[in-house]
2 protein chains.
Amino acid sequence: MNRLIKNKHIIIYGILLAALLFLMKWLELRFIVIDNALDLYVGAIAVIFTALGIWLALKLSRPKVNTVQVEKNIYINNTGNFICNEAALSQLNLSRRELEVLQLMADGLSNQEIAERLFLSLNTIKTHSSKLFEKMEVERRTQAVDKAKKLSIIA
Amino acid sequence: MNRLIKNKHIIIYGILLAALLFLMKWLELRFIVIDNALDLYVGAIAVIFTALGIWLALKLSRPKVNTVQVEKNIYINNTGNFICNEAALSQLNLSRRELEVLQLMADGLSNQEIAERLFLSLNTIKTHSSKLFEKMEVERRTQAVDKAKKLSIIA
DNA sequence: CCAACGCTCATACTTTAGGGTGATTTTATA
DNA sequence: TATAAAATCACCCTAAAGTATGAGCGTTGG
């Protein structure tokens, strides 16, 4: 059923084409095409079918989808106690380690200090921070911290 | 000249149409259209001009754009009103510029971005940030931001 | 069992941050 | 007006941050 609707325009085109051909056949029988009028006849067909083609193309051409992101602000009342915004947190899909690193970043620690605090190598912290920035769609730790605080992901 | 380019497709269409009509005329003269073959002849013309029409339409019609709006939630922590801790602020003895730079740092901007925002050179921002760190007794911008927020010096 | 994921770490590289020093120009104020 | 503080900018250098890529390992769920 869906297919029928989908190909509606093609079907209409087919019907129209058939109708036109019948009409021509009828005209041919009726007036027996005069040799001199052949040019006119061919021209008319050409014009009609060009128009038909244009119509078909306009109907069939699928519109280009243009996605526009609309930012919707959601204000969170955070009076006094810190309440973790679980929704935003899960939306970011941060792993445990990444969140841990983010928290330490927010405390002003350098990557080296974070590495020492967590008994990891500096490279590991860099990897975590990179992935973390990607997920949070930021470029710098300062941005990450700012965003995280605004989202109430960290205290 | 611009018009010529703009109407390029229409011109090409005209030329193609003329060429086709000439071809048909030639075929007509060459083989003298047989009555039985007329249907085939007309059918061919119909197909060709339909194709031509489709091509024309695709070339001429500006692409349809379907705009889809996607909502993106932005959580904003609205901690009521910000009350600046004037006492702590004056104790740090930060200059106007330094405080300004500190605020922009807290917003996650890089030194380069801060420089552009304030119409200053990168070096100037570095100087300000250095002095700022000294006065705040910190080593990194992240620490400075953390401390400033804890002291309620900035929002 | 294996595919996917998270965690760990490495190497190599580029960019940004920060420190030190010095210089010029405003600006406020004693 | 002299002077100190603030503001501006430059240059050089080191440290830290960040990017890209790849690899090994352990857990987990279909």
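Order of the sequence lines fixes the chain letters, A, B, ..., with proteins taken first and strands second; residue numbering starts at 1 for each chain. Computed from a prediction, not measured in an experiment: that's the story for all the values here.
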Got a donor-acceptor pair under 3.5 Å from the side chain of Thr127(B) to the base of dC9(D)?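 Indeed, a donor on one side and an acceptor on the other fall under 3.5 Å apart.
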Phosphate oxygens OP1/OP2 of [N]: is one of them under 4.0 Å from a side-chain N or O of [X]?
X	N	value
Arg97(A)	dG6(C)	no
Arg96(B)	dA6(D)	no
Thr124(A)	dC9(C)	yes
His128(A)	dT8(C)	yes
Arg141(B)	dA17(C)	yes
Arg140(B)	dG18(C)	no

Separation of atom [atom1] in [X] from atom [atom2] in [N], rounded to whole Å:
X	N	atom1	atom2	answer
Glu113(A)	dA15(D)	CD	P	15 Å
Lys126(B)	dA16(D)	NZ	P	15 Å
Leu132(B)	dG18(C)	CG	C1'	12 Å
Leu122(A)	dC9(C)	CG	C1'	11 Å
Glu139(A)	dG18(D)	CD	C1'	11 Å
Ile125(A)	dT8(C)	CD1	P	8 Å
Leu118(B)	dT8(D)	CG	P	8 Å
Ile114(B)	dT16(C)	CD1	P	13 Å

Indicate, with a heavy-atom threshold strictly under 4.0 Å, whether [X] touches base, sugar-phosphate, or nothing.
X	answer
Asn111(B)	sugar-phosphate
Ser110(B)	sugar-phosphate
Ser95(B)	sugar-phosphate
Leu120(A)	sugar-phosphate
Ser121(A)	sugar-phosphate

Could you say whether Phe119(B) or Asn93(B) is positioned toward the 5' end of DNA chain D, judged by the nucleotide with the nearest heavy atom to each?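 Closest to the 5' end, via its nearest nucleotide, is Asn93(B).
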DNA chain D: Lys135(B) or Ser130(A), which has the more 5' nearest nucleotide?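 Whichever sits nearer the 5' end wins; that is Lys135(B).
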Indicate yes or no for a side-chain donor-acceptor contact from [X] to the backbone of [Y] under 3.5 Å, with no hydrogens or angles considered.
X	Y	result
Glu113(A)	Leu109(A)	no
Asn85(A)	Leu151(A)	yes
Lys147(A)	Met136(A)	yes
Lys126(B)	Asn111(B)	no

Electrostatic pair Lys131(A):Glu134(A) at N-O distance under 4.0 angstrom: no
Of Lys131(A) and Leu109(B), whose nearest nucleotide on DNA chain C comes first from the 5' end?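 On the 5' side of the pair lies Lys131(A).
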Taking atom CD of Gln91(B) as the centre, does the number of heavy atoms from other residues, nucleotides or ligands within less than 6.0 Å exceed 12?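 Not more than 12 within 6.0 Å, no.
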